[in-house]
Amino acid sequence: MEYDFRKIEQEWQEKWRQNKAYKVLNESARPKYYVLDMFPYPSGTGLHVGHPLGYIASDIYSRYKRLKGFNVLHPMGYDSFGLPAEQYALETGQHPAVTTEKNIATFRRQLDKIGFSYDWDREVRTSNPGFYKWTQWIFLQIFDSWYNRITDKAERIAELLKIFEAAGNVDHVCPGDKTLQFSAGEWNAFDERRHQEILMDYRLTYSSYGEVNWCEALGTVLANDEVVNGVSERGGYPVEKKKMRQWYLRITDYADRLLEGLEHIDFSDAMKEMQKNWIGKSQGAEMDFAIKDHDQPLKVYTTRPDTIFGVNFMVVAPEHELVDQVTTDDQKEEIEKYLTYVKSRSERERLAEVKQITGCFTGAYAIHPFDGREIPIWIAEYVLAGYGTGAIMAVPCGDQRDFLFAKHFNIPITNIIGDHFNGEEANPTKEAILQNSGFLNGLLMKVAIGVAVDKIEELGIGRRKVNYRMRDAGFSRQRYWGEPFPIVWSNGIAIPLDAEELPLELPHVDKYGPGPNGEGPLANIVDWVYLTPNPSPRERGTLPHGDEERTDHLSVASKKDGEPGYFNSSVEEWKNTLSFAKENRKNLTEAGDTIWQEIRNRKIDGSKFRRQHPIAGYIPDFVCLEKKLIIEIDGEYHTEEEQKKFDAARQNWLAENGFGMIRFTNEEVKVNLKKVLNKISQTLKENTAAINETTNKANEKSHPLAGSGSPLLWRGVGGEVKRETSTMPGYAGSSWYFLRYMDPHNDRLFCDRKASDYWGQVDLYIGGTEHAVGHLLYSRLWTKILFDLGYIGHDEPYKKLVNQGMIQGSSRFVFRVGLTIYSEPGIVSTPLIFVSKSISDKIKLGDEFSIEKVKIFAIKSIEETYRNNKGTSITAVSILEFHVDVNFVDGVELNINAFRKWREEYNDAEFILEDDGKYICGVETEKMSKSKYNTVNPNELVEKYGADTFRMYEMFLGPVEQSKPWDTKGIEGVHRFLRKLWRLFYDDQKGKVWTDDKATDAELKVLHRTIKKIDEDTERFSFNTAVSTFMICVNELADLKCHKKEILEPLLFLLSPYAPHISAELCSLLGSKVSPIGEDAEGPVYPVFNAALLVESSKEYPVSINGKVRTNINMALDITQADVEQIILQNDIVQKWLDGKEPKRIVYVKNKMVNVVI
RNA sequence: GCGGCGAUGGCGAAAUUGGUAGACGCACUACUUUGAGGUGGUAGCGCCUGUCAUGGGCGUGGGAGUUCGAAUCUCCUUUGCCGCACCA
């Protein structure tokens, strides 16, 4: 019986799927364990061998934990919102939802082949409304929160309101505007708009104008971590600074807690270091320098207040607000010139020319607070507006940049550190004794820092200050394929949707181009954006479609109801309606006029009524848009039966959209105006409840206007109401997805507290380093906020993080000959010639002989093509390198035939080979990528060797955390091992060879050594050594000719996490009572190590002379020092090395070794 | 410039606490199974040197140090990768 891995793997995968072997429940008597992979972005290129590395590692660990008796949560999903799908849509017109769906299917097919133990019932996709409903919901919770510095946690905005009403903001500095101060009285006197503006400056997600990273090519803003060296991380497009309204996460409020939290989690040093760097906390002082002939001081930030007497000049950022004010008339021109120059330079140029020294003197002087010196104020690019105060005190003897600047502009340098400064370069030491430093003279700099700040604070010219490099994270993108913000704007105030109105679904678009004014594609969908009933074309902004093809909900409704006259179906019709309405206003009835006089100018309840204002294509007598109330005065026209029918249909439609209507007859108005007005006032008050009801009804029916926001909240705001048209960034969904896995189908909450309390933190998180400061930081932030708000019980999402290394591709190159041809009679085409590695090397080195050889070869080829062409000569030969698909290369030898077929133009290519007739390719290790033709498809390997082999080989390559080049060749060794294992059970010739015989001590020793090692290795993620251990074990059992079930069955349980299919098959053939997959286990089924079996009574002690091992001597393990000495000295080899001398010392370490020192 | 991580045979690597450096696998060599290829099996395989044979010297990027003993600890240095970067 052969090891037919294809059949075995297919059958078992099918079986596990059918009996839901990997289903995980939220309640269990067993302890929980949560193993998580970073879910993939489903890209169009599918998986290469680098992707599954982490998945295999986590799968092995999950299976291992399961066998050890844990209830293991091991889910998988897709981060399916994102830029690439949308870029693809822009290029091809295919809807991102469609391509994403397709890509996911491909991913799933590939993943399934590898035999993972995911519970697919818990799958999440960030682009599913069922998922992003909760992303939006969490966003709203964050929106409704602020950071209380006193309790040091996020709290609800309602709490903040209470504080403001009672005490103003004296205890709570406004993070958005630190200068803002108001008392309770002032607060209470502010109007609603001012309230909302101030609250926005406190919210943890907020919208504000700010400098953003704008990427023109991508048509969107990017977060700081998405910009690398001045270009976009994706695509490498230029990024510029631009002022725009954006949403932000106030992550800076959490800087300290994010920093502090790192102490309690198990991340690699590198990872922690990266996060620390990103947060960039620095301790220093902020201090004011008076400016000569000027009221306002210059505020600077420094981490080295001890160097205060070494200041020789001040530098402020070119963008600094004081520049304008302090520049003297003499310098105005120079400064203008410099500012123009700075503005002309893109971010990229600035970064590229970091070492260039530029700057300009403003003509102004600051006054040194201690010695009264006048210090010139300069502006220079090297000071950034965004950090600290945007101004520095320059100490050239201690700071290299200041030093270079001083040298460049011939500014004198004060030395305050004596011999530590050599005049050649700055010395940033803290160990020097200060000189020329007034009251700090004679102090060690380290000590002087504190002394200086104390003095500064005492004089009231500055204070201790902590600064962070981290900025608030941009949270909006001018893009389509992301979560829509559950926010509507009304007269500049952001109003959150009600929870019941979520999810706010992403509307369908046909075009993905940007909207007007730098807005995203959603801005093009007028009907979706504008919630003001029946907005005018002016309100709508631009018109996306041609007039004739405009088919919005209004016209749809009109067609449905068969009311051609009442609803607009085109702009033309709308205009008609409008002019009709205008006409109507001139011809008010008597009753109408009576009412109008009573309700105009917000006379009733402050509600704004309009008369004859077109709405939903019809023109009611009066309408209050804020409260969605219509008043009709029943004229004669409407008494006709036919018109009554229309009225009913219309009223029905209006009701569905949240409009209430009250009607009066002309008589009523004339006879009892007071009663009529009372009724209006009454209805305005009551209407809110009715409106909510109708809105919900509309939602259920998924009317085009469904989810149009809560009218209740618009009260008192009025005016144009439109949706936020940005979408959330890629990291929104991934900031909390690990919580959704715990309770994936919950439609009442993002995750039940019971579920999150049960599963708690992710015990093991495996993924790449590329998310160090993006996803990992943001998800830590969201977790902390959700914790503060009481939705979950832990404030760090991941207990332990393991970063898998990158698998690099091993690229292969071919060397094409580049020829410069001189041709007498006319043009000849260049022959396509490829030379093998050694020849190309020689040509590159300028080896005359090889160049001549190639020339002759080329001439011959040309002459053969152009028979009589004798006038051709070759003047120069060069070498061009091209990536060649690694699949055409066996090791380094090119398969010439396959290569010829690769591209049409290669069909007739000629090859100059090595002496042994082979074409040898160039080799280089680089990132695995389709464009480099060095990707290896895991499915081809699974097809050829099986999933078990593939899994083990990926692990065998080396430590999971290390980057390493892929080499397909080695997979044979692992495959050999699995076949060797199989032969312990079944032999090709003899068939079944396994027996029920009793195991010997030697065999048990082999088994238990293996159990111990595998257990330890798996526990510490040393999967490569575990695979070796399996190999050693099988080699030893084969040597012992051991075919005993007693030994082999436990071995299969050990192996099962690594190679589940073969283990399951062999266990089944052995007739095992328990599955090695662990699906039916109530408790641990993992083999238990029995130390007693490994106890030895003696050991081959290595004996070294002066540290070099010379022989081995077998001695009892518990032998004493005295006995050792006696035995050792009798040994021939030791005698030989002693050469008659007495040993100085004999070191004996029990269970280790013996060392004789001569 | 700052920070982090590494450097061990032809290659991927192992050495968990300072205790026999190179386990395991690939590649390679020889033999064997087979008609042949593949497969399977046996043996060899760090470098240098040497023999009838036991052997000897060197060796974990380089240099110094601590130690009876260092791939492992300390200092210096070279170099590679990764991250941050006019961050005051």
Side-chain angles (χ1 to χ4, degrees), chain A residues 228-229 268-278 280 282 284 300-304 307 315 350-351 353-357 380-384 386-395 398-402 404-405 428 467-470 769-770 772-773 803 805-806 808 891 953 956-959 961-974 976-977 979-980 983 988-989 1013 1016-1017 1019-1020 1022 1024-1032 1035 1038 1100-1112 1132-1133 1136 1143-1149 1151-1158:
Chain A
V228 181
N229 292 328
S268 70
D269 289 346
M271 194 61 53
K272 286 184 179 181
E273 210 47 52
M274 273 187 241
Q275 296 212 347
K276 278 183 199 161
N277 258 327
W278 186 259
S282 73
V300 302
Y301 175 73
T302 179
T303 53
R304 296 294 302 274
T307 63
V315 189
R350 246 179 109 156
L351 288 167
E353 300 163 17
V354 156
K355 293 286 166 266
Q356 227 181 36
I357 300 162
E381 278 187 286
Y382 83 91
V383 171
L384 306 174
Y387 185 76
T389 61
I392 62 159
M393 55 176 220
V395 182
D399 184 290
Q400 187 62 11
R401 291 157 305 169
D402 298 347
L404 291 172
F405 194 85
N467 239 322
Y468 300 95
R469 197 173 308 174
M470 182 168 66
T769 31
E770 65 272 21
V773 290
N803 292 113
M806 203 168 44
Q808 287 137 335
Y953 183 56
F956 189 59
L957 278 175
E961 305 206 51
Q962 218 172 79
S963 285
K964 57 240 157 189
W966 177 263
D967 171 28
T968 300
K969 281 220 150 174
I971 200 170
E972 300 274 357
V974 175
R976 232 166 265 164
F977 151 74
R979 283 210 310 261
K980 194 166 182 176
R983 285 201 303 274
D988 287 359
Q989 271 91 49
K1013 187 84 166 67
E1016 287 168 358
D1017 284 356
E1019 198 60 73
R1020 65 187 175 104
S1022 181
N1024 55 330
T1025 53
V1027 176
S1028 304
T1029 305
F1030 281 122
M1031 288 172 169
I1032 294 167
N1035 287 346
E1100 283 283 317
Y1101 275 96
V1103 178
S1104 33
I1105 316 287
N1106 285 340
K1108 291 228 179 299
V1109 177
R1110 297 298 174 183
T1111 186
N1112 287 311
D1132 285 349
I1133 295 169
K1136 183 184 126 187
K1144 280 188 193 136
R1145 187 175 156 192
I1146 292 173
V1147 183
Y1148 160 62
V1149 184
N1151 209 10
K1152 293 286 185 196
M1153 43 67 71
V1154 181
N1155 191 15
V1156 182
V1157 186
I1158 300 171

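Letters A, B, ... mirror the listed sequences (proteins, then strands); counts begin at 1. Because the structure is a prediction, the values reported are computed rather than measured.
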Exercise for review: Check whether any side-chain N or O of A/Arg1110 sits under 4.0 Å from OP1 or OP2 of B/rU54, and answer yes or no.
Suggested key: no
Point to revise | Given B/rA14, B/rC26, B/rU20, the nucleotide with the shortest approach to the side chain of A/Asn1024 | key: B/rA14
Review point. Within less than 4.0 Å of OP1 or OP2 of B/rA88, is there a side-chain N or O belonging to A/Tyr301?
Key: no
**Study point:** Secondary structure string for RNA chain B (Watson-Crick or G-U under 3.5 angstrom, | for other-strand pairs)
**Key:** (((((((..(((......[....))).(((((.......))))).((((.....))))..(((((..]....))))))))))))....
Exercise for review: Ignoring backbone atoms, establish whether A/Arg983 has a side-chain N or O less than 4.0 Å from OP1 or OP2 of B/rU39.
Suggested key: no
Exercise for review: Using whole Å, report how far CD1 of A/Ile1133 lies from C1' of B/rU54.
Suggested key: 9 Å
Check your understanding: Does the base of B/rU16 carry an N or O that pairs as donor and acceptor with the side chain of A/Lys1013 under 3.5 Å?
Key -> yes
Revision key, fill the gap. Between NZ of A/Lys1144 and P of B/rC68 the distance, given in whole Å, is 11 Å
Check your understanding: In terms of side-chain heavy atoms of A/Glu381, which of B/rC86, B/rA14, B/rU16 is nearest?
Key -> B/rC86
Point to revise | Proximity to the side chain of A/Met1031 - top-ranked nucleotide from B/rA15, B/rC24, B/rC86 | key: B/rC24
Check your understanding: In whole angstroms, how far is the C1' atom of B/rU67 from the CG atom of A/Asn1106?
Key -> 13 Å
Practice item. For B/rG1, take OP1 and OP2 only and decide whether either is under 4.0 Å from a side-chain N or O of A/Arg401. Key: no
Review point. So which nucleotide from B/rG12, B/rU16, B/rG83 ends up closest to the side chain of A/Lys964?
Key: B/rG12
Review point. Is any side-chain N or O of A/Gln962 closer than 4.0 Å to OP1 or OP2 of B/rA13?
Key: yes
Check your understanding: Please give, in whole Å, the distance from B/rC84 C1' to A/Met470 CE?
Key -> 15 Å
Exercise for review: Considering just the side-chain nitrogens and oxygens of A/Asn1035, establish if one lies under 4.0 Å of OP1 or OP2 belonging to B/rG25.
Suggested key: yes
Study note, to complete from the structure: Considering only heavy side-chain atoms of A/Arg976, the closest of B/rC26, B/rC68, B/rA23 is B/rC26
Review point. So does A/Lys969 pair up with A/Asp967, basic N to acidic O under 4.0 Å?
Key: no
Check your understanding: Between B/rG56, B/rC24, B/rU39, which nucleotide has the shortest distance from any of its atoms to the side chain of A/Lys1136?
Key -> B/rG56
Check your understanding: Has A/Arg1020 got a side-chain N or O lying under 4.0 Å from the OP1 or OP2 atom of B/rU16?
Key -> no
Point to revise | Spacing of CD1 belonging to A/Ile971 relative to CZ belonging to A/Phe956, to within rounding of 0.5 Å | key: 12.0 Å
Exercise for review: Confirm from the modelled atom types if A/Asn1155 and B/rC68 form a donor-acceptor pair under 3.5 Å, side chain to base only.
Suggested key: yes
Review point. Which of the following nucleotides, B/rG41, B/rU16, B/rG19, is nearest to the side chain of A/Val1147?
Key: B/rG19
Check your understanding: So A/Tyr382 and A/Phe405, would you call those rings parallel, tilted or perpendicular, with 30° and 60° as cut-offs?
Key -> tilted
Revision key, fill the gap. Looking only at B/rC24, B/rA13, B/rC86, the nucleotide nearest the A/Tyr382 side chain is B/rC86
Check your understanding: Is any side-chain nitrogen or oxygen of A/Asn467 closer than 4.0 Å to OP1 or OP2 of B/rC87?
Key -> no
Practice item. Ignoring the backbone of A/Glu273, work out which of B/rU20, B/rG4, B/rC87 is nearest its side chain. Key: B/rG4
Exercise for review: Using the closest heavy atom to pick a nucleotide of RNA chain B for each, name whichever of A/Met274 or A/Val974 lands nearer the 5' end.
Suggested key: A/Val974
Point to revise | Nearest-Å distance for atom pair CG/P, residues A/Asp269 and B/rG83 | key: 17 Å
Exercise for review: Please tell me which of A/Lys1108 and A/Ser1104 maps to the more 5' nucleotide of RNA chain B, matching each residue to the nucleotide holding its nearest heavy atom.
Suggested key: A/Ser1104
Revision key, fill the gap. Of the listed B/rG19, B/rC24, B/rA14, the closest approach to the A/Val1149 side chain comes from B/rG19
